[in-house]
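The analysis underlying the following values was restricted to heavy atoms, covering all of them including side chains, and did not include hydrogens, waters or symmetry mates.
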Amino acid sequence: MTKRFLTVGSLLRDEDLLKYKREIEKRDDITYPFYDDLDGYKECEDKAIANVVEDQIKRGLAEITDGEYSKSLWHLDFVWGLSGCERFIKDSGYFFREKDSDDKFETRKDIGIKIVGKVSGKKHPFIEHFKRLKKLADGRSIVKQCIPSPSHIYGELLNFGFIDESTYYDSSEDFLEDLIKAYKEFLDDYKNAGGEIIQFDDCLWEQFAKENKENQYDNNQTDLAKDLTLAQKYIDINNEIIDYAHSLGLRVYTHNCRGNYASRNFSDGTYESIADLFFKNLKYDRFYLEWDDDRAGSINALKAFSNRDDVEVVLGLLSSKTNSLDDEKRVLDLLDEASKIIPKDRLYLSHQCGFASCDCGNELTIDEQWKKIAQGQKIAEEFWGE
């Protein structure tokens, strides 16, 4: 087992589980977590998660999740599980970029959120999901729970107009106050359930990069690369929750990417454009960063961490979007370059994102997924010697 190769979180679902997931995607007459609405779904999910936990442990992964099999989308299931929030099917989904053209690729449409009451994080279904994972791991591996960052949820609901349409909150600030409380309530329960590591996934940083021309969440109404008021607000929101998590004794990670859906991406933006904002100011213990292609820019962006000796960095130099193995020389060269900026013992290797941020997963097979993970482990062993 190498401690230096890590997975971001999500893994491809098997076909038995996907049959239920595809039905969930098309229906808004069911209530999260859907177990009472779909006969056999809970049992199928339990079995699939038990299998994927064993698969991860058998393959020697240093930290494991439930494969995110308990989710439909990487972030919205967390919102669906908050008291006061309900899901609905919108007229359209998110619009990602096609792989080989300038056309738009539309995602699933069950991404609507209705805010119908006071938002609370108490008794969230994710706590039971985590307890299941912890029991299955049985001390054989480190376990973590992945949830969306509070700023991502605030930003997405704000930019899509879901807060303005709320029948409960009069203003976005009233909603934000309760959202922050909800995250703290969730973290209290998570800690009490034996949680030690929480990972905040976040895809909004690139709104503020000067190279990004597709600020889809903002409808291109604002030049966010120049007006950094919102960026500072996102930082402040996250840091309040990070500080609270630290006060509970939790380690807090973050994962940043530019979108990952059916092997498509969402936006551009180099880390150099935003490093002085987000790398220097967010108080995370570990940063999982997307560096699988040229959109991320120079590895020199890591210099923003030079005065943060307590921070670990996971370089997502491998691609979870492709069904082929990665260029090992490129990865080793970039690891060597990074180690001249950040000490080698604070660096890790991963793919740029999970293999199935949403149920449909990226365009590769489960067997190809494990081969790519094995390659990552091999490269890590070669570079770190452990």
Side-chain angles (χ1 to χ4, degrees), residues 1-18 20-21 33-35 40-72 74 77-78 81 121-147 186-201 245-246 248-253 255 285-286 288 312 314 348-351 354-357 359 361 366-367 369-374 376-377 380-381 386:
M1 179 181 79
T2 174
K3 297 184 292 183
R4 293 293 167 177
F5 173 80
L6 301 170
T7 54
V8 174
S10 65
L11 298 166
L12 295 169
R13 284 75 155 155
D14 65 27
E15 185 58 32
D16 289 342
L17 185 57
L18 283 173
Y20 287 100
K21 299 293 193 179
F34 316 122
Y35 299 139
Y41 172 45
K42 178 65 164 58
E43 293 76 13
C44 181
E45 184 180 276
D46 285 343
K47 180 181 178 181
I49 289 173
N51 288 338
V52 82
V53 166
E54 292 303 316
D55 282 340
Q56 292 172 89
I57 292 173
K58 179 176 66 177
R59 288 172 168 83
L61 294 181
E63 295 181 2
I64 68 169
T65 67
D66 64 359
E68 302 196 27
Y69 286 9
S70 52
K71 301 178 184 177
S72 294
W74 67 271
D77 291 66
F78 183 79
K122 294 179 180 178
K123 297 181 180 180
H124 197 289
F126 276 25
I127 300 300
E128 293 305 313
H129 296 165
F130 176 73
K131 289 179 181 177
R132 173 177 55 191
L133 170 62
K134 194 170 177 63
K135 182 177 180 181
L136 288 167
D138 194 25
R140 295 176 293 164
S141 183
I142 297 170
V143 296
K144 68 176 181 180
Q145 175 75 51
C146 303
I147 66 174
F186 175 82
L187 291 176
D188 286 338
D189 288 347
Y190 181 66
K191 176 66 176 179
N192 290 335
E196 299 175 290
I197 300 167
I198 192 77
Q199 179 173 305
F200 290 157
D201 297 330
H246 284 157
L248 297 175
L250 297 171
R251 282 180 55 78
V252 191
Y253 302 166
H255 166 242
D285 301 300
R286 179 183 288 177
Y288 285 73
E312 297 175 331
V314 186
Y348 298 82
L349 174 66
S350 74
H351 292 87
F355 288 88
S357 299
D359 284 335
I366 291 176
D367 183 56
Q369 165 192 266
W370 291 121
K371 287 179 179 178
K372 289 174 74 71
I373 287 172
Q377 292 173 311
E381 288 169 0
E386 60 175 281

Minimum heavy-atom separation for [X] and [Y], please, with both atom names.
{"X": "Leu250", "Y": "His246", "result": "O-CD2, 3.3 Å"}
{"X": "Gln369", "Y": "Leu12", "result": "OE1-N, 2.8 Å"}
{"X": "Arg132", "Y": "Asp66", "result": "NH2-OD2, 4.5 Å"}
{"X": "Gly81", "Y": "Pro125", "result": "O-CD, 3.7 Å"}
{"X": "Leu187", "Y": "Ala245", "result": "CD1-CB, 3.9 Å"}
{"X": "Val8", "Y": "Ser350", "result": "CG2-OG, 4.2 Å"}

Worksheet item: Do the ring planes of Tyr190 and Phe186 sit parallel (below 30°), tilted (30 to 60°) or perpendicular (above 60°)?
Response: parallel
Discussion item. Under the criterion side chain to side chain contact (heavy atoms under 4.5 Å, CB included), I'd like the reasoning laid out for His124 against Phe78: C-alpha separation, chi angles, the key distance, then a yes or no.
Written reply: CA-CA 8 Å; His124 197 289; Phe78 183 79; 3.6 Å; yes
About how many Å separate [atom2] of [Y] and [atom1] of [X], when rounded to the nearest 0.5 Å?
{"X": "His351", "Y": "Thr7", "atom1": "NE2", "atom2": "OG1", "answer": "10.0 Å"}
{"X": "Ile57", "Y": "Arg59", "atom1": "CD1", "atom2": "CZ", "answer": "12.0 Å"}
{"X": "Ile198", "Y": "Tyr253", "atom1": "CD1", "atom2": "OH", "answer": "11.0 Å"}
{"X": "Glu68", "Y": "Asp359", "atom1": "CD", "atom2": "CG", "answer": "10.5 Å"}
{"X": "Leu61", "Y": "Ser141", "atom1": "CG", "atom2": "OG", "answer": "7.0 Å"}
{"X": "Leu17", "Y": "Asn51", "atom1": "CG", "atom2": "CG", "answer": "10.5 Å"}

Worksheet item: Do Phe5 and Ile373 pass the side chain to side chain contact (heavy atoms under 4.5 Å, CB included) test, and can you show the C-alpha distance, the side-chain angles, and the key distance before you say yes or no?
Response: CA-CA 9 Å; Phe5 173 80; Ile373 287 172; 3.7 Å; yes
Discussion item. Salt bridge or not between Lys131 and Glu128? Use side-chain N to carboxylate O under 4.0 Å.
Written reply: yes
Worksheet entry | By salt bridge (Lys or Arg N to Asp or Glu O under 4.0 Å) - contacts of Asp77 (at least two apart) | none
Discussion item. Tell me every residue that passes ring pair (Phe, Tyr, Trp, His ring centres under 6.0 Å) with Tyr20, counting only those two or more places apart in sequence or in another chain.
Written reply: Tyr41
Fill in: side chain to side chain contact (heavy atoms under 4.5 Å, CB included) assessment of Gln56 paired with Trp370
CA-CA 9 Å; Gln56 292 172 89; Trp370 291 121; 4.1 Å; yes
Worksheet entry | Over-ring placement of Arg13 relative to Tyr69, 6.0 Å and 45° cut-offs | no
Discussion item. Go through it in stages, so that I can follow the logic: the residues are Arg140 and Glu54, the test is side chain to side chain contact (heavy atoms under 4.5 Å, CB included), and I'd like the CA-CA distance, side-chain angles, deciding distance and then a yes or no.
Written reply: CA-CA 10 Å; Arg140 295 176 293 164; Glu54 292 303 316; 2.5 Å; yes
Worksheet item: Under 6.0 Å from the NZ atom of Lys191, do we count more than 12 heavy atoms belonging to anything else shown?
Response: yes
Taking C-beta and beyond as the side chain, do [X] and [Y] meet within less than 4.5 Å on heavy atoms?
{"X": "Glu312", "Y": "Asp285", "answer": "no"}
{"X": "Cys146", "Y": "Lys71", "answer": "yes"}
{"X": "Phe126", "Y": "Asp189", "answer": "no"}
{"X": "Ile49", "Y": "Leu133", "answer": "no"}

Worksheet entry | Option passing side-chain hydrogen bond (donor to acceptor under 3.5 Å, both in side chains) with Tyr35 (candidates Glu45, Glu43, Lys42) | Glu45
Worksheet item: Any side-chain donor paired with an acceptor under 3.5 Å for Glu63 and Tyr348?
Response: no
Fill in: Residue of the set Val143, Leu136, Asp138 for which side-chain contact (heavy atoms from CB on, under 4.5 Å) holds with Val53
Leu136
Discussion item. With a 3.5 Å distance limit and no angle check, can you tell me whether Gln199 reaches the backbone of Gly9 through a side-chain donor-acceptor pair?
Written reply: no
Worksheet item: With no hydrogens and no angle check, is any side-chain donor or acceptor of Glu196 less than 3.5 Å from a backbone partner on Ile142?
Response: no
